[in-house]
Protein chains: 2
Amino acid sequence: MTGQLGPQDLPILAKAGYYLALRVGFAFPLEEINALPSAWVELYTAERLMLQDPVIRWVYTNTGTIRWSEICDDDPGDVMRKAREFGMRYGLCVAVSDPVDEGQRSFGSFARPDREFMDDEINLLSDFVARTHRAKAPPTNVTLAEIEALRMVKQGKRLKEIAYQLGVSEGAVKQRLKNAKLKLGAKTGAQAAALASQFGLI
Amino acid sequence: MTGQLGPQDLPILAKAGYYLALRVGFAFPLEEINALPSAWVELYTAERLMLQDPVIRWVYTNTGTIRWSEICDDDPGDVMRKAREFGMRYGLCVAVSDPVDEGQRSFGSFARPDREFMDDEINLLSDFVARTHRAKAPPTNVTLAEIEALRMVKQGKRLKEIAYQLGVSEGAVKQRLKNAKLKLGAKTGAQAAALASQFGLI
DNA sequence: AAATGGATTCGCCATAAAGGAGAGTGCACA
DNA sequence: TGTGCACTCTCCTTTATGGCGAATCCATTT
């Protein structure tokens with residue numbers, strides 16, 4: 001396999017499921033993609049395995065890639081054994097951080113039932129997480145005025161109302177949202193508000 | 001102080017800052033409110049203290065309330081001492097879960113520099129977290145068709161495009177969004193999409 | 001089988017809101 | 001003295017919203 005992975009390749013490569021936590025900041029990620037077996041998710045949630053999970057511990061304290069089998073860490077909650085019962089026998093962790101912005105990191109965990117991940121697969125997945133991490137980088141050039149307007153759109157306010165409350169003309173609000181849409185790459189105000197929300201801007 | 005707390009009361013009661021994680025599911029919350037000192041947030045993020053934080057460990061493994069001083073847990077990362085240097089000397093944890101839906105929990109951590117939280121304050125804060133948890137409960141009566149439409153609105157698609165891709169009339173899409181707005185308590189499509197996104201429905 | 005109620009779809013209309021293009025104004029900064 | 005940038009305004013088009021009635025489909029009840 002050569003070239004770059006896309007999201008559509010993940011189910012094939014990570015046959016037993018995968019999990020992505022994108023842009024983890026203070027404690028939690030801006031976005032999470034959970035394609036793990038739903039029965040496992042239920043158990044993991046109910047038993048609150050996160051804090052005991054050696055995989056989570058590894059990605060929080062390291063950067064790079066590692067096979068689950070190579071993680072040298074206690075597993076008091078027996079999380080890895082439990083995971084095996086859901087088909088997640090062999091796995092890979094990826095943790096990346098942006099060299100220019102160490103504040104946010106992204107994690108990926110990929111599982112398969114049949115064999116270890118091979119070196120070139122690891123490279124592909126690592127590259128995929130790194131690219132996704134960069135792609136989800138919040139834009140830095142959105143002005144405070146634009147963010148204000150986006151926040152009020154998200155709150156369900158009309159342009160007229162926003163203009164009145166901000167003390168500017170409706171045209172100005174339109175202009176702000178237009179700029180915000182451009183910077184966020186959004187086609188509509190709804191999308192812009194959702195994106196800004198996802199980026200943690202509002 | 002009697003009655004119920006509102007968000008505006010928190011800065012007074014938790015003078016040194018507070019943090020709310022609402023509706024924690026698989027691993028992460030649907031919504032997070034972070035009113036901790038920004039210098040502390042930076043340190044906490046940079047040193048990735050979450051996994052070592054006795055407060056986090058407590059709220060993930062317990063339900064109820066506890067003063068920080070009463071948490072009997074190792075603190076290998078010296079997190080509590082570091083927190084004191086940012087004015088967070090006395091603190092309170094609250095962890096709640098919905099009796100009918102154990103799947104999601106909410107946490108709160110409140111800090112002040114001068115004295116322990118008093119019993120009646122603990123009751124008020126506990127009640128506040130429980131009420132906020134309930135208030136953020138995702139609606140369960142939104143249909144799949146409505147969610148589909150909301151997802152496409154969030155993606156910046158126009159009604160005409162949505163109708164075409166779903167193979168229904170534009171009027172049907174309008175009706176779906178109208179119902180969705182009603183169920184979500186949203187005034188506009190933008191707000192409905194943002195709420196659905198926040199609720200993890202899309 | 002027939003009737004009932006609920007949810008969904010659809011078309012039509014009128015109005016409100018949002019989106020887009022262009023031009024002008026004021027302001028800070030190099 | 002330009003050069004960006006944010007703000008404002010106008011004019012026009014497109015889109016969204018809301019109300020209404022009718023048709024359809026489904027499951028449940030009678």
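Here is how names work: the chains are called A, B, and so on, in the same order as the sequence lines, proteins then strands, and each is numbered from 1. Atoms considered below: every heavy atom in the structure, side chains included; atoms not considered: hydrogens, waters and symmetry mates.
- Map B:Leu159 and A:Glu146 each onto its nearest nucleotide of DNA chain D; the residue landing nearer the 5' end is A:Glu146.
- When the options A:Tyr60, A:Trp58, A:Tyr44 are evaluated for a side chain to side chain donor-acceptor pair (under 3.5 Å) with A:Asp53, the one that passes is A:Tyr44.
- With respect to the salt-bridge test (charged N to carboxylate O, under 4.0 angstrom), the residues B:Arg151 and B:Glu148 do not qualify.
- Ring-centre distance between B:Phe26 and A:Tyr19: below the 6.0 Å cut-off.
- Nucleic acid contact for A:Lys160: sugar-phosphate only, since backbone atoms but no base atoms lie under 4.0 Å from a heavy atom of the residue.
- Put simply, B:Ser169 has no side-chain N or O that comes within less than 4.0 Å of OP1 or OP2 on C:dT9.
- Summarising the geometry, the separation between CG on B:Leu144 and C1' on C:dA7 is reported as 15 Å, rounded to the nearest angstrom.
- Distance, B:Asn179 CG to C:dG6 C1': 12 Å, rounded to whole Å.
- B:Ile162 has its CD1 atom 11 Å from the C1' atom of D:dA16, to the nearest Å.
- The aromatic rings of A:Phe28 and B:Phe28 sit perpendicular, their planes meeting at an angle over 60°, well past the 30° parallel limit.
- With rounding to whole Å, A:Asn141 atom CG is found 10 Å from D:dC5 atom P.
- Side-chain N/O atoms of A:Lys181 include one lying less than 4.0 angstrom from OP1 or OP2 on C:dG19.
- The nearest whole Å value for the distance from the CD atom in B:Glu161 to the C1' atom in D:dA16 is 15 Å.
- Contact annotation for B:Lys178: base contact, defined as any heavy-atom pair under 4.0 Å involving a base atom.
- Summarising the geometry, the separation between NZ on B:Lys183 and C1' on C:dG6 is reported as 12 Å, rounded to the nearest angstrom.
- Atom CD of B:Glu170 is separated from atom P of D:dG18 by 15 Å (rounded to the nearest Å).
- The backbone N or O of B:Ala95 lies less than 3.5 Å from no partner atom in the side chain of B:Thr63, so there is not a single donor-acceptor pair.
- For the pair B:Leu177 CG and C:dC10 C1', the computed distance is 15 Å after rounding to whole Å.
- With respect to A:Arg81 and A:Glu85, a salt bridge is recorded, a charged nitrogen being found less than 4.0 Å from a carboxylate O.
- Applying the 6.0 Å contact sphere to NZ of A:Lys160 captures no more than 12 heavy atoms from other residues, nucleotides or ligands.
- Checking the phosphate oxygens (OP1, OP2) of C:dT9, a side-chain nitrogen or oxygen of B:Arg176 falls inside 4.0 Å.
- Between C:dA16 and A:Arg158, no contact under 4.0 Å exists linking OP1 or OP2 to a side-chain N or O.
- For B:Gln175, the listed nucleotide lying nearest its side chain is C:dC10; candidates were D:dA6, D:dC7, C:dC10.
- Across D:dT17, C:dC10, C:dT8, the shortest atom-to-atom separation from the side chain of B:Lys174 is found for D:dT17.
- Using a 4.0 Å cutoff on non-hydrogen atoms, the parts of residues 186-202 of chain A near DNA chain C are A:Thr188, A:Gly189, ordered by number.
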